[in-house]
Amino acid sequence: MSAGIELLFDEFAARHARGEHPDARDYLERAGESRDELARLLDGFLAAATVQPPSEETLTLFVSLVPESLPEDTATPPLLAERVRRGWTRDEVVDWIRERFGFGEEKEEKVARYWHELETGLLPVSGVSARLREALSERFGEAIHSAVEWSPPALEARAAFRRAADFTGMELHERMSPAGPEPERDDVDELFLDL
Amino acid sequence: MHDARDEEDRRLLGAGDHSALVRSYYETIIQRCNVRCRTRDDAQECAQSVVVRLLSELKRGKRYPVPFRVVVHKVIEWTTKGFYERGRAILVALDEDILGDGNPFDDVEIEYDLERALEQLSEGDREVARLRFLGGLEIEEIAERLGKTRNAVDQSLHRSRKKLQELLG
């Protein structure tokens with residue numbers, strides 16, 4: 001172990017012990033070519049060290065990743081639960097949607113954002129186009145029915161969730177469209193918003 | 001070292017407060033995913049899978065032969081390993097029994113307990129390492145508290161870090 005790695009580990013561990021929330025990725029970047037060596041060491045330390053309460057930043061992150069982390073004890077959104085259960089990554093699902101509906105790579109980011117909203121319950125499944133529901137039904141099976149019936153979190157919780165998300169639903173459509181009284185819609189908006 | 005954590009976990013499990021139980025591990029989950037994944041996006045996706053999987057198992061009434069924190073660490077390790085080995089977010093489907101044959105939670109005494117790992121150090125080094133890695137004290141504070149020179153503390157920590165690398169790395 002080089003002296004540089006030792007010192008980075010030492011600093012990280014001491015900060016963690018003081019109850020701070022050092023960003024491990026910052027330390028890995030500072031390690032340069034010895035990144036993997038430091039990663040193994042930090043990983044072993046984190047596995048053995050005292051569990052620290054989550055920071056505000058971490059709580060906000062998980063609110064955007066898993067709506068169940070909201071104060072209200074809501075059920076995990078069915079599409080998210082089913083995707084994880086089947087072992088599919090988000091990218092796999094996004095690529096499948098793009099291919100299924102003939103969207104080019106330039107639409108990948110937009111489809112990915114819509115998918116994030118859909119699987120976490122921000123965008124109701126009942127509001128998407130019939131052709132998307134049909135396609136999801138083929139891929140996700142019975143979970144699509146549960147998703148249509150799934151109740152999103154209460155209003156206050158949704159407000160907290162929105163702060164964590166970049167933007168949502170129609171906001172996404174408006175943001176990605178030119179300003180003006182008649183925002184231009186594209187085929188991705190039509191698919192997800194049933195315009 | 002983890003007695004208070006394990007006791008609180010048992011209380012939350014008994015009360016059925018699964019969300020609070022898993023939420024208390026968010027920092028550990030994202031930190032370990034960050035050091036085990038190549039990109040921040042991969043880490044967040046793995047962290048998401050870990051949480052969904054833990055919640056799903058708990059809701060199905062899953063019971064474990066080890067403290068819940070050990071389960072959290074094992075699920076983090078399986079999830080991140082599977083993410084790259086198979087290009088998938090998890091190794092085993094949620095409705096399968098992750099225990100399989102044998103007990104995957106064997107040999108966790110040192111691996112998941114820093115205090116026990118520190119017990120492997122010599123007495124003098126152990127005290128210095130405890131103050132640094134469990135107490136977060138600065139080098140000068142440790143030297144003053146133990147009546148040692150800064151150089152002696154540095155040397156002791158150097159030996160401890162080498163040993164910890166063997167035990168935890």
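Convention: sequence-line order gives letters A, B, ...; per-chain numbering from 1. These numbers come from the heavy atoms of this one structure, side chains and all, not from hydrogens, waters or symmetry mates.
- By a heavy-atom distance cut of under 4.5 Å, not one residue of residues 133-144 of chain A is near chain B.
- Within a 6.0 Å sphere centred on CD of B:Glu141, other residues, nucleotides and ligands contribute more than 12 heavy atoms.
- Contact annotation for A:Asp36: neither backbone nor side-chain heavy atoms come within less than 4.5 Å of a heavy atom of chain B.
- Against chain A, the residues from residues 28-38 of chain B that qualify, each with a non-hydrogen atom under 4.5 angstrom away, are B:Thr28, B:Ile29, B:Ile30, B:Gln31, B:Arg32, B:Asn34, B:Val35, B:Arg36, B:Cys37, B:Arg38 in number order.
- The contact between A:Phe12 and chain B is made entirely by side chain atoms (from C-beta outward), counting heavy-atom distances below 4.5 Å.
- Looking at B:Glu27, its side chain does come within 3.5 Å of a backbone N or O of A:Ser55 through a donor-acceptor pair.
- Note that the CG atom of B:Asp41 and the CZ atom of A:Arg90 stand 7.0 Å from one another [nearest 0.5 Å].
- Counting non-hydrogen atoms of other residues, nucleotides and ligands closer than 6.0 Å to CD of A:Glu106 gives a total above 12.
- For the atom pair CD (B:Gln165) and CD (A:Glu6), the distance works out to 8.5 Å, reported to the nearest 0.5 Å.
- In this pair, A:Phe9 and B:Phe133 present their aromatic rings tilted. The plane angle is within the 30 to 60° band.
- The line from CD of B:Gln44 to CG of A:Leu61 is 4.5 Å long, rounded to the nearest 0.5 Å.
- Atom CG of A:Leu46 sits about 8.0 Å away from atom NE2 of B:His73, to the nearest 0.5 Å.
- Ranked by non-hydrogen atom pairs under 4.5 Å with chain A, the options B:Ala47, B:Gly136, B:Ser160, B:Ala43 are led by B:Gly136.
- With a 4.5 Å cut-off on non-hydrogen atoms, A:Leu28 touches chain B through its side chain but not through its backbone.
- Taking 4.5 Å as the heavy-atom cut-off, the residues of residues 17-25 of chain A that approach chain B are A:Ala17, A:Arg18, A:His21, A:Pro22, A:Asp23, A:Ala24, A:Arg25, ordered by number.
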- Could you walk me through whether A:Asp10 and B:Arg132 pass side chain to side chain contact (heavy atoms under 4.5 Å, CB included), step by step? CA-CA 8 Å; A:Asp10 181 83; B:Arg132 182 64 174 162; 2.4 Å; yes
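- Looking at A:Arg15, there are no atoms closer than 4.5 Å to chain B (heavy atoms on both sides), in backbone or side chain.
- Residues A:Leu80 and B:Val52 have side chains in contact (heavy-atom distance under 4.5 Å, counting atoms from C-beta outward).
- The nearest pair of heavy atoms linking A:Pro54 to B:Ser24 is CD-O, 4.3 Å.
- Across every non-hydrogen atom of A:Val51 and B:Arg5, the tightest pair is CB-CD, 3.9 Å.
- Taking CD of A:Glu119 as the reference point, atom CD of B:Gln48 lies at 5.5 Å (rounded to 0.5 Å).
- Remark: A:Glu56 pairs with no residue by the salt bridge (charged side-chain N to carboxylate O under 4.0 Å, His left out) rule, at least two apart or across chains.
- Note: A:Ala49 leads A:Ala39, A:Ala49, A:Ala13 in heavy-atom pairs under 4.5 Å with chain B.
- The CG atom of A:Leu41 sits 9.5 Å away from the CZ atom of B:Arg161 when rounded to the nearest 0.5 Å.
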